[in-house]
Colleague: 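I have a structure I would like to understand better, so I am pasting it below and will then ask my questions one at a time.
One-based numbering, in listed order, for ligands and for the atoms of each. Predicted, not measured: the structure shown is a model, and the values here were computed from it. In what follows, residues are counted from 1 in the order of the sequence shown.
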Amino acid sequence: MSNRVSYKEPAPIINKENPFESMMERFDTASKVLGLDEGIYKYLKSPSKQVITSIPVIMDDGRIEVFEGYRIIHNSILGPSKGGIRYAPDISLDEVKALAAWMTWKCAIVNIPFGGAKGAIKCDPAKLSTHELERLTRRFTANLLDVFGPERDIPAPDMNTNDQTMAWIMDTYSMHSKRSVTAVVTGKPMILGGSQGRREATGRGVMIVSIAALQKLGIKPNTATAVVQGFGNVGSVAASLLYEQKVKIIGLSDINGAIYNPEGFIMPQVLDYVEKNKSLINFPDAEVISNEELLGLECDLLVPAAREDQITSKNASNLKCKIIAEGANGPTTAKADSILQEKGILVIPDIIANAGGVTVSYFEWVQDRMGFFWTLERVNRRLDRMMREAFVNVYKTAAKYDVSLRIGAYILAIDKVAKTLKIRGIYA
Ligand code: NAD
């Protein structure tokens, strides 16, 4: 009997447009195209370690509250596991598991020696004081002292966590280690061993792969138009750097709405305006449009950089762009993939398009371990090289298997991890 993956009819899924189920669906497709051995398939689907921990915290009013925390190591075949920690009231273990797997594929694609992980604490950070957040973070770290470590598992910021959270984790871990261990987390403040260029790295990576894709289609950046959804860390940096490359930015949006100017926005003016007004809305010389209208604008490049599930089976057929560069995680549902492919839209999937952040996190870890810090110019040059190489490798893989860039990216990642696993062998 063949030991290739046998694909049974998938069990009915309650919400087919769930981004994490979308991801697992693509993993299955890529494994099938690759002809992955069934045993390896099972191995790569299952996280290698799942920790659920209760975190008691003395609240400001003296009460004891107990929170639930998770750390999932998807695998560490390529190296220590890497992945963010998010604080969210509605997070589930399944979601963290899928996000951890996502990190494995991302690190493999950009060719950095890390496995994938993700962590979370079920809490509503808006309802916690700074002191409560600090105690929560420190106790979570103490509970996971045997999991974290610069050679084992390296957290980073994610939704509702930031450089201050990383500083608390680093300090708690260091107190127990009786020495300063900066490399135990990335995304730290600069003063504590953070890296130049880390804040802009994800948006910069989006710009790099977007320009590479425009070139593939024979479009010169100075003749191209772009629309960017979301104006936070990723969207604002991507839009500004594309503008620096002479791409005309004709549409922008944030949670309050979208703006359109066919003549193109002058990005430094937009950044100044948002700095003062905290929103894009009412920016002068722009037409206010809806989010749906924004996504349907005719343009060369669309960058969804807000959140998941924005391009779905309901609106994919209205899109009029040539390229989509997924700045956000999971902005396109699996159902929308085939519609976009039929329309001939080139989609640069999230697992490569937004991997600039984890790449510079890797640089931060390397610099901390060397105790020698790089200039911004060196960080950006290395990021540029690694993102371009990753894009070329994904492109070649997609062409070889005659699949979309998304499935090509998964194939590249799964193949790399599977080959490494075969050489290492299964420890008995
Ligand atoms: P952010 O919170 O800084 O910004 C999010 C932006 O999206 C804000 O401008 C917000 O107003 C806007 N927004 C939210 N909902 C919207 C909606 N429905 N329509 C239009 N705009 C909306 O977040 P970020 O760090 O820029 O992350 C954005 C996405 O990129 C997320 O999916 C995140 O997981 C992903 N990502 C971020 C990084 C990173 O380094 N920051 C790395 C990899 C992936």
Side-chain angles (χ1 to χ4, degrees), residues 19-20 22-23 82-88 91 95-96 98-99 102-103 105-107 109-110 116 118 120 125-126 155-163 165-166 186-187 194-195 197-207 209 227-241 251-260 270-271 273-275 277-281 283 288-295 297 302-312 315 325-333 348-364 383 387:
F20 309 108
S22 287
M23 187 202 63
K82 186 89 192 78
I85 294 176
R86 58 174 61 179
Y87 291 173
I91 192 83
E95 204 169 320
V96 187
L99 287 163
W102 223 325
M103 287 305 297
W105 314 135
K106 246 185 229 189
C107 294
I109 289 169
V110 283
K118 205 81 180 185
D158 198 90
M159 215 180 269
N160 295 323
T161 56
N162 55 24
D163 56 353
T165 323
M166 296 306 112
T186 61
S195 177
R198 173 64 187 85
R199 195 191 68 79
E200 301 83 8
T202 306
R204 181 170 288 278
V206 171
M207 178 275 286
V209 293
V227 168
V228 180
Q229 184 202 38
F231 206 71
N233 176 280
V234 181
S236 67
V237 173
S240 302
L241 295 177
L252 291 168
S253 75
D254 63 21
I255 186 104
N256 303 304
I259 54 172
Y260 170 57
V270 180
L271 291 172
Y273 182 87
V274 172
E275 171 94 33
N277 299 282
K278 306 293 168 224
S279 173
L280 289 163
I281 292 305
F283 181 76
V288 175
I289 57 173
S290 69
N291 186 46
E292 281 308 308
E293 286 170 323
L294 178 98
L295 295 176
L297 285 175
L302 172 65
V303 180
R307 47 173 309 160
E308 71 284 356
D309 260 355
Q310 294 300 297
I311 301 167
T312 66
N315 64 6
E326 295 184 336
N329 281 321
T332 309
T333 65
I348 314 169
D350 45 11
I351 51 174
I352 166 170
N354 69 31
V358 73
T359 304
V360 176
S361 271
Y362 164 59
F363 296 166
E364 180 176 334
L383 173 65
M387 291 299 295

Colleague: Of all the non-hydrogen atoms in the protein, which one sits nearest to atom 18 (N) of ligand 1, and at what distance?
Modeller: Arg307 CD, 4.0 Å
Colleague: Examine Asn233 against ligand 1 and note whether any of their N/O atoms are separated by less than 3.5 Å.
Modeller: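 Yes, at least one N or O pair falls under 3.5 Å.
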Colleague: Between Arg86 and ligand 1, is there a nitrogen or oxygen pair with a distance under 3.5 Å?
Modeller: no
Colleague: With only distance considered, is Thr202 within less than 3.5 Å of ligand 1 through an N or O on each side?
Modeller: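 Yes, at least one N or O pair falls under 3.5 Å.
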Colleague: Using heavy-atom distances, let me know which of Ala258, Ala305, Gly232, Ala328 sits nearest atom 28 (C) of ligand 1.
Modeller: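 Minimum heavy-atom distance to atom 28 (C) of ligand 1 goes to Ala305.
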Colleague: Of all the atoms in ligand 1, which lie at a distance below 4.0 Å from a heavy atom belonging to Asp254?
Modeller: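 The list of qualifying atoms is 9 (O), 11 (O), 20 (C), 21 (N), 22 (C).
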Colleague: From atom 40 (O) of ligand 1, is the closest protein heavy-atom distance below 4.0 Å?
Modeller: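 When distances to the protein are checked, atom 40 (O) of ligand 1 has a heavy atom within 4.0 Å.
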Colleague: Keeping Asn233 on the side-chain end and Arg199 on the backbone end, is there a donor-acceptor pair under 3.5 Å?
Modeller: yes
Colleague: Would you say ligand 1 has an N or O under 3.5 Å from any N or O of Gly357?
Modeller: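 For ligand 1, there is no N or O atom that lies under 3.5 Å from one belonging to Gly357.
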Colleague: So, the side chain of Glu326 versus the backbone of Asn354: is there a donor-acceptor pair under 3.5 Å, distance only?
Modeller: no
Colleague: Run the salt bridge (charged side-chain N to carboxylate O under 4.0 Å, His left out) test against Lys118 and tell me which residues pass, sequence neighbours left out.
Modeller: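 Partners of Lys118 by the salt bridge (charged side-chain N to carboxylate O under 4.0 Å, His left out) criterion, ordered by chain and then number, come out as Asp158.
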Colleague: How far is atom 34 (O) of ligand 1 from the closest protein heavy atom, and which atom is that?
Modeller: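 For atom 34 (O) of ligand 1, the nearest protein heavy atom comes out as Asn329 ND2, 3.1 Å.
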Colleague: Please name the residue in the list Leu297, Ile289, Asn291, Leu295 that meets the side chain to side chain contact (heavy atoms under 4.5 Å, CB included) test with Glu293.
Modeller: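 For Glu293, the side chain to side chain contact (heavy atoms under 4.5 Å, CB included) test succeeds with only one of Leu297, Ile289, Asn291, Leu295, which is Ile289.
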Colleague: For atom 14 (C) of ligand 1, what's the nearest protein heavy atom and its distance?
Modeller: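 Nearest protein contact, heavy atoms only, for atom 14 (C) of ligand 1 is Ile255 CD1, 3.7 Å.
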Colleague: Looking at every heavy atom in both Val360 and Ala201, which two are closest together, and how far apart are they?
Modeller: CG2-CB, 3.4 Å
Colleague: Which atoms of ligand 1 have any heavy atom of Ser253 under 4.0 Å away?
Modeller: 20 (C)
Colleague: Do you see a protein non-hydrogen atom under 4.0 Å from atom 9 (O) of ligand 1?
Modeller: yes
Colleague: Could you identify the single nearest non-hydrogen protein atom to atom 26 (O) of ligand 1 and state the distance to 0.1 Å?
Modeller: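 Protein heavy atom at minimum distance: Val234 N, 2.9 Å.
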Colleague: Side-chain contact test, heavy atoms from C-beta onward, threshold under 4.5 Å: evaluate it for Phe283 versus Asn277 and give yes or no.
Modeller: no
Colleague: Does any part of the side chain of Met387, heavy atoms only, come nearer than 4.5 Å to the side chain of Val110, both counted from C-beta?
Modeller: yes
Colleague: Would you say that Leu271 contacts Ser240 through its side chain, given a criterion of any heavy-atom pair below 4.5 Å between the two side chains?
Modeller: yes
Colleague: Taking side-chain contact (heavy atoms from CB on, under 4.5 Å) as the definition, give me every residue that meets it alongside Thr165, ordered by chain and number, with sequence neighbours left out.
Modeller: Tyr87, Thr137, Thr161, Asn162
Colleague: Contact between ligand 1 and Ala306 is defined here as a heavy atom of the residue under 4.0 Å from a ligand atom; is it met?
Modeller: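 Flag set, Ala306 near ligand 1.
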